[in-house]
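The next block holds one structure in the form of structure tokens; read it before the comments.
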Amino acid sequence: MSAKIYYDSDANLDLLKDKTIVFLGFGNQGAAQAQNLRDSGIPNEKIVVANRPDHYAEDAKSKGFNVEHDFAKAAKQADIIFLLIPDQVQPRVFNNEIAPNLKDDACIVVASGYNVFYKLLNFKPSQDIVMVAPRMIGSSVRSLYVKGKGFPCFVSSEQDGTGKALELALALSRAIGATKAGAIASSAREETAMDLFAEQALWPNIIMLFREAFSVLKEAGCSDEALCYEMWMSKEPAEIFERAAEDGFIRQLKHHSTVSQYGQLNGALNLDGSAARAHFKDILYNQVLNAKFQQEFSKIEDDLEKEGDANPLEILYQKSEASELGQAEKRVRARLAGLLAQ
Ligand code: NDP
């Protein structure tokens, strides 16, 4: 299955003419996307940053943006509104303060599929819902734009209330610089599935493999210091992934020794992936796509704001850091603080 890729030539910036564009949030993505959009020629007087009165609001003011602290007021003006506040607070803020004040034909832009796929936001059928989801942190969204480069981004129309949702999504993608290198046609379902799968299936397995590998090698007499450096503190894994992005997932192996290439390729081919595949499918279908995780996560969301042991995330950190790997790393970091600071 190959996805359609949209370029600048597929997008018409004229569609944004005379539109009032509101950015709800001026954090990671909000600050980057608002500046890119303005630098693409959208007049500053047509851009409003909606933010509570604090340092994010001050940052927006210092960059010359019009800031509105009253979300209802901001929502009433919006022809287009970017929801760029954290995913877990979007339902509360959007449903209570934004949705009741939005125009019937407003276009709502999300940068992540989560709240749309799980239907946590109250939209009107007449409104356009689009996803413009950069695959980059905000600072890179901005710095690549400034350098005249594009960045990877997923784009989709999730609800076409006005008949122009996709065209608007493409115009907005172009305005934030996302169609320069090609924006990939996607969907909230696809984006959410891949994101949560990586977080709940792929990376937990990688963490588990490192944890178990650490214990096996330690038992065989390897020192904590050597293990920490060998496994991640040398930054070799980061380099491998960088090479994988540049040269290819398999072809990056050419940078390793012949012994290493042979061992890695032969070892991987000899591993039976069927148990992992079954486990992965279970997570994807019975935890992610069926909304089981989302429903369970919603129940603990308020607890995640609490301090200390009342916060379930804190407990997970404590348990994970109690592992042999976690304890050893703590000792090594304390001992080699000087070396690590260099
Ligand atoms: P941030 O954590 O950087 O958002 C901070 C902004 O949200 C600030 O303006 C903050 O203002 C506001 N905010 C936080 N809490 C509240 C609240 N309770 N009520 C109102 N405003 C609030 O978010 P990101 O930029 O990381 O994420 C925004 C969206 O972009 C999400 O959908 C995310 O999934 C997506 N995304 C993020 C990426 C990233 O690199 N982080 C990459 C791609 C997509 P204040 O605290 O003053 O209210």
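Only this structure's heavy atoms are used, side chains among them; waters, hydrogens and symmetry mates stay out.
- Using a 4.5 Å cut-off on side-chain heavy atoms (C-beta onward), D309 and I315 make contact.
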Inset, instruction - Step by step, work out the side-chain contact (heavy atoms from CB on, under 4.5 Å) result for D128 and Q159. - result: CA-CA 5 Å; D128 290 337; Q159 176 178 293; over 6 Å; no
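- Residue N95 comes nearest to N122 through the heavy atom pair OD1-N, 2.8 Å, listed as atom of the first residue, atom of the second, then distance.
- To the nearest 0.5 Å, atoms CD (E199) and CD1 (I283) are separated by 12.5 Å.
- Classified by interplanar angle (parallel below 30°, tilted 30° to 60°, perpendicular above 60°), the ring pair F241/W203 is tilted.
- Counting only heavy atoms from C-beta outward, the side chains of M131 and V155 never approach each other to under 4.5 Å.
- The pair R331-D224 counts as a salt bridge, with a side-chain nitrogen and a carboxylate oxygen less than 4.0 angstrom apart.
- Not one N or O on the side chain of N101 forms a donor-acceptor pair closer than 3.5 Å with the backbone of A75.
- Of the N and O atoms on the side chains of N286 and D282, at least one donor lies less than 3.5 Å from an acceptor on the other residue.
- The 12-atom threshold is not exceeded at CD of E307, counting heavy atoms of other residues, nucleotides or ligands nearer than 6.0 Å.
- V332 approaches M233 most closely through the heavy-atom pair CG1-CE, 4.0 Å.
- Interatomic distance, L13 CG to I42 CD1, rounded to the nearest 0.5 Å: 6.0 Å.
- Looking at every heavy atom in both residues, M194 comes nearest to F154 through CE-CE1, 3.5 Å.
- Nearest heavy-atom pair, I184 versus A3, reported as atom, atom and distance to 0.1 Å: CG2-CB, 3.8 Å.
- Taken together through direct or relayed side-chain contacts under 4.5 Å among Ile, Leu, Val, Met, Phe, Trp and Tyr, L196 and Y285 form part of one hydrophobic cluster.
- Under a 4.0 Å N-O distance rule, the pair K306/D303 qualifies as a salt bridge.
- In this structure, the side chains of F123 and F94 come closer than 4.5 Å at one or more pairs of heavy atoms.
- Taking each heavy atom of A188 and E158 in turn, the nearest pair found is N-OE2, 2.7 Å.
- A donor-acceptor pair shorter than 3.5 Å can be found between the side chains of Q200 and Q287.
- Heavy atoms from other residues, nucleotides or ligands lying under 6.0 Å from CG of N266 number more than 12.
- Linking ILVMFWY residues whenever their side-chain heavy atoms come closer than 4.5 Å, directly or via other members, leaves L37 and I108 in distinct clusters.
- Scanning both residues, Q88 and E301, for their nearest heavy atoms gives O-OE1, 3.7 Å.
- Taking the centre of each ring, F26 and F65 come in below the 6.0 Å mark.
- Under the 4.5 Å side-chain heavy-atom criterion for ILVMFWY residues, no single connected hydrophobic cluster contains both I98 and V49.
- More than 12 heavy atoms of other residues, nucleotides or ligands lie within 6.0 Å of NZ in K61, so this atom counts as buried by the packing criterion.
- Legend: salt bridge (Lys or Arg N to Asp or Glu O under 4.0 Å) pairs involving residues 92-121, not counting sequence neighbours, sorted by first then second residue: D79-K103, D104-K124.
- Using a 3.5 Å distance cut-off with no hydrogens or angles, the side chains of Y118 and S298 do not pair a donor with an acceptor.
- Residues D59 and S62 meet the side-chain proximity criterion, which asks for heavy atoms closer than 4.5 Å.
- Atoms CG and CZ, on D247 and R243 in that order, are 6.0 Å from each other to the nearest 0.5 Å.
- Between D39 and R142 there is a salt bridge, with a side-chain nitrogen of the basic residue lying less than 4.0 Å from a carboxylate oxygen of the acidic one.
- The aromatic rings of F293 and Y114 stand perpendicular to each other, their planes meeting at an angle above 60°, with 30° marking the opposite boundary.
- Counting only heavy atoms from C-beta outward, the side chains of N115 and P91 approach each other to under 4.5 Å.
- A heavy-atom distance below 4.5 Å is not found between the side chains of I47 and N66.
- For E191 and R135, the salt-bridge test passes: some basic side-chain N is under 4.0 Å from an acidic carboxylate O.
- Within the 4.5 Å cutoff, no side-chain heavy atoms of F117 are placed close to those of V288.
- Hydrophobic clustering (side-chain heavy atoms under 4.5 Å, transitive across Ile, Leu, Val, Met, Phe, Trp, Tyr) keeps I176 apart from I129.
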Inset, instruction - Step by step, work out the side-chain contact (heavy atoms from CB on, under 4.5 Å) result for I300 and E296. - result: CA-CA 7 Å; I300 60 155; E296 283 169 9; over 6 Å; no
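- Around CD of Q264, the count of heavy atoms belonging to other residues, nucleotides or ligands within 6.0 Å exceeds 12.
- Put simply, the side chain of C228 does not reach to within 4.5 Å of the side chain of R333, judged on heavy atoms.
- Few gaps surround CD on E246; more than 12 heavy atoms of other groups in view lie less than 6.0 Å from it.
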Legend entry - side-chain contact (heavy atoms from CB on, under 4.5 Å) evaluation trace for S40 with R174: CA-CA 8 Å; S40 292; R174 179 170 171 182; over 6 Å; no
